[in-house]
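The next block holds one structure in the form of structure tokens; read it before the comments.
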Amino acid sequence: MAHERCEQCGNLTPPWDTIHRGSDDGRYELVCSFCFNVRIAESTGFTGFENVRLDPIRMIDCSGESHQFHFQIRLLGDLMALDAFELRGDLPAGYRFQLIGEPDDDVLVLLGRLVEKIRRALSVRHIDFRERQIIDSTVRGRIEWDESQEGHLPLVVVDGKEVSWIDLGRMLMSMEGWQFRLDIADPGEEL
Ligand SMILES: [Zn+2]
């Protein structure tokens, strides 16, 4: 997907880091998240907000696979969201993590907490993808849109990999008769 120029700073910006923002004259402008945050900080008066661009980092999971995480900071009213995600092409896919902080929090402290959260998640595997079975008795993941199901069935992302609802169902059938508990948590919570 093509990178577009931020209308504020002029930098070529990948699709995952562009935000369409309604400007004062009523039209939409395309800005990078950095310039978006500058605008929000100005309009809300958060002088303590520290705006930085964070470089991607590479981390290894417990099966030796390497994952590159990109970071995005977004000032959302009186909250600051720090997201970490992998990319496929130019779009987020795979592992995805979020921390919610206050606008005047130290970004590097939040980043440190987020990296620890990623490290904890990468140290656990839930599915044996070769045997197509659940390794232990717990599965943690994320609920996503499945293009092929038009919103009727979810796609889940477990261990950073996409698993169809049907495939997850097949894996559960080796535990027929067992009980289960389904807990849903918001993206910033730790499972
Ligand atoms: Zn910009």
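The structure displayed is predicted, hence computed values, not measured ones. Counting starts at 1 for both ligands and their atoms, in listed order.
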Open item on the list: Before you tell me yes or no, could you show the steps for Lys117 and Glu189 under salt bridge (Lys or Arg N to Asp or Glu O under 4.0 Å), namely the whole-Å CA-CA distance, both residues' side-chain angles and the distance that decides it to 0.1 Å?
Closed with: CA-CA 10 Å; Lys117 189 174 174 177; Glu189 276 180 69; over 6 Å; no

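- Closest heavy-atom contact between Phe36 and Leu75: CE2-O, 3.6 Å.
- The pair Glu7-Arg21 does not count as a salt bridge, with every side-chain nitrogen at least 4.0 angstrom from each carboxylate oxygen.
- Taking 4.0 Å as the cut-off between side-chain N and carboxylate O, Glu190 and Arg140 do not count as a salt-bridged pair.
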Open item on the list: Run the salt bridge (Lys or Arg N to Asp or Glu O under 4.0 Å) test on Arg142 and Glu144 for me, step by step, so that the C-alpha distance in whole Å, both residues' side-chain angles and the decisive distance to 0.1 Å come before the verdict.
Closed with: CA-CA 6 Å; Arg142 194 173 69 250; Glu144 292 214 335; 2.7 Å; yes

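- Here 4 is the count of protein N, O or S atoms positioned under 2.8 Å from the Zn ion (ligand 1), waters not counted.
- Partners of Arg170 according to the side chain to side chain donor-acceptor pair (under 3.5 Å) rule, which considers only residues two or more places apart in sequence or in another chain, are Asp167.
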